[in-house]
Amino acid sequence: MSTATDNRRKAPAGERVADWADGRLGIYSLAKANMRKIFPDHWSFMLGEVCLYSFLIIILTGVYLTLFFHPSMNEVVYHGSYVPMQGMRMSEAYKSTLDISFDIRGGLLLRQIHHWAALVFLAAMMLHMMRVFFTGAFRKPREINWLFGFLLLVLGTFTGFTGYGLPDDLLSGTGIRIAQGLILSIPLVGTYISMFLFGGEFPGTDFVARFYSIHILLLPGIMLGLVVAHLILVVYHKHTQFPGPGRTEKNVVGMPLMPVYMAKAGGFFFLVFGVIAAIAAIATINPVWAMGPYRPDQVSTNAQPDWYLGMSEGIFRAMPGWEINIAGHTLVLGVFIPLLIFGLVLTAMAVYPFLESWVTGDKREHHLLDRPRNAPTRTAFGVAWLVMYGVGLVNGGNDLWATHFHLSVNSVTWFVRITFFTAPIVAFIVTRRICLGLQRRDRDKVLHGRESGIIKRLPHGEFVEVHEPLSQDQLFTLTSHEQPKPLELEPEVDENGVTRKAGASQRLRAKLSKGFYGEGTHIPKPTAEEFHEITSGHGHH
């Protein structure tokens, strides 16, 4: 009788689990198709990663804080660790915030990490959108992804505002009262929205609980869905990349997702987490114990919103207190007009990709990015918007500017009223001229080479600087951009003698297209003949 030995190796437990999961989920084929996805490497692409990682930090710290926060406006008497407020009446929301800060292990640090991460999230998202805007990454097929990013920015702002109001301290209560005034200024529906949101007359007894539900469930849920959709579209459309040798509209040059990119991304996540934690440990933010509980008959001094609401606050402070009466109803223009202006600014941000596509007539797919200098009109629009935002932000703290620099508040306000509309126009003109100047410098570099700093004396006594020729990579980068032509109106009379008059929208489109691509909006690239003539005709080049 012989014994047969089974030499087959038994698979490790992890491999068996993976095989079991693959038979039901198909993870092997999914991983094979996506784990080798190529991502280009450029420092500006990390701005989007900072957005994602700070959003994850917000969720992680927020889950911890929800375990100890009580979203109730019921009045209680404080008997906690913070002695200056012993015996003071306050809401349960404010008391639980003090308890988190002084009695819960790690509570104050987690509160500050949560708040700082929210500020970093919105700042990184603003910078990320500016990078996308200035490089033209919003063009087809990524217009929908631009809208997703825009919605994330707007929802992030509202999420930050609702979280800002939860502690029910004097500063946040003042901000909520301002928001309620803005809502009331909306004609016809403002009072109904206010009653629905606050459960009656301000401050009511329910707004903390309602803001809490909006802050931890509604808005984060929508934002999480938008983030997932945004990342799916990034993978589906493939990543944009800056022009360079070997890079075309049909390929992506970079590193694979696994293992290189994932290793770098993992390390970068912990770096972002560490920096935010360090800032939170060093710099105090939102010290609610210094403000005291909210009372409707009190207003905290130096009340300032978080920076992302600074522009809107500045517009409201700059507007005169105008009111008109229509059919027995008071329309508060001093609040409604700034609210309308802010809404129009946001709308312009959202629709710009579609507007540029319509104006320029460009319906092609774009996977290569523009250098901002090569799109001077778009770059000028972006800088003008940033200047408008900066001016509004200045007026959002006009009282602090006045006290710190010994100025009149009225002087600061009038300065903002004038510059809010004039400064963006000046910034637009100056930025476009700077872009044209940079284009001229690129043209000179291509034709004459790079300045070496070496001075050479020619036989007839002339001193010249030796120019080093650019490499082929540099020449390609400086000359690979397109120079589109503006749209032209069709002839009023066609070849058959039929009169065809252009409509108002067509004339407007042609005029705007001329503003984008017409004469004086770009410097012509050097031709091959010019390059060969100059490089072969001067020995010092």
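- Cation-pi check for R378 over F134 is not met; the charged atom does not lie both under 6.0 angstrom from the ring centroid and within 45 degrees of its normal.
- The closest donor-acceptor contact from the side chain of S357 to the backbone of P353 lies at 3.5 Å or more, if one exists at all.
- Q112 places a side-chain N or O within donor-acceptor distance of the main-chain N or O of A283, the cut-off being under 3.5 Å.
- Ring pair F516/Y352 is tilted by interplanar angle, where 30° to 60° counts as tilted.
- Side-chain contact of T377 with R432: a donor-acceptor pair under 3.5 Å is present, judged by distance alone.
- No hydrogens or angles considered: a donor-acceptor pair under 3.5 Å links the side chains of T61 and H114.
- One N or O on the side chain of H42 and one on the backbone of S44 form a donor-acceptor pair closer than 3.5 Å.
- Heavy-atom contacts from other residues, nucleotides or ligands closer than 6.0 Å to CZ of F268 number more than 12.
- In terms of the salt bridge (charged side-chain N to carboxylate O under 4.0 Å, His left out) criterion, E323 has no residue partners (sequence neighbours excluded).
- Put simply, the side chain of Y53 gets close to the backbone of A265: a donor and an acceptor are under 3.5 Å apart.
- Taking the side chain as every heavy atom from C-beta outward, E143 and F138 never approach each other to under 4.5 Å.
- Between the side chain of S194 and the backbone N or O of G190, no donor-acceptor pair lies under 3.5 Å.
- The number of heavy-atom neighbours closer than 6.0 Å to CH2 of W401, taken from other residues, nucleotides and ligands shown, is 12 or below.
- Ring geometry for F102 against Y82 counts as parallel: the plane angle stays under 30°, on a 0 to 90° scale with 60° as the upper cut.
- Side chain of Q439 to main chain of R373: a donor-acceptor pair is present (N/O by atom type, distance under 3.5 Å, no hydrogens or angles).
- Atom CG of L98 is separated from atom CG of D103 by 9.0 Å, given to the nearest 0.5 angstrom.
- In terms of modelled atom types and a separation under 3.5 Å, the side chain of H215 and the main chain of G163 share a donor-acceptor contact.
- One distance of note links CG of D444 with CG of L478; it measures 11.0 Å at 0.5 Å rounding.
- Under a cut-off of 6.0 angstrom, the local environment of CZ in F158 is sparse, with at most 12 non-hydrogen atoms contributed by other residues, nucleotides or ligands.
- Taking the six-membered ring where tryptophan is involved, the planes of F428 and F381 are tilted, since the angle between them lies from 30° to 60°.
- Looking at heavy atoms from C-beta onward, I285 lies out of side-chain contact with R111 at the 4.5 angstrom threshold.
- At least one donor-acceptor pair under 3.5 Å links the side chain of R317 to the backbone N or O of G396.
- A side-chain donor from one of D169 and S172 sits under 3.5 Å from a side-chain acceptor of the other.
- Between the R509 side chain and the W358 main chain, a donor and an acceptor come within less than 3.5 Å of each other.
- S91 and D168 are linked by a side-chain donor-acceptor pair at a separation below 3.5 angstrom, with hydrogens and angles left out of the test.
- The backbone N or O of F69 sits nowhere less than 3.5 Å from a side-chain atom of S96 that would complete a donor-acceptor pair.
- The existence of a salt bridge linking D99 and K95 is confirmed by a sub-4.0 Å separation between a basic side-chain nitrogen and an acidic carboxylate oxygen.
- A distance of 6.0 Å separates CG of L122 from CH2 of W307, quoted to the nearest 0.5 Å.
- In this structure, CG on L60 lies 10.5 Å from CZ on F55, to the nearest 0.5 angstrom.
- Taking the six-membered ring for Trp and thresholds of 30 and 60 degrees, F207 and F202 have nearly parallel ring planes, at less than 30 degrees apart.
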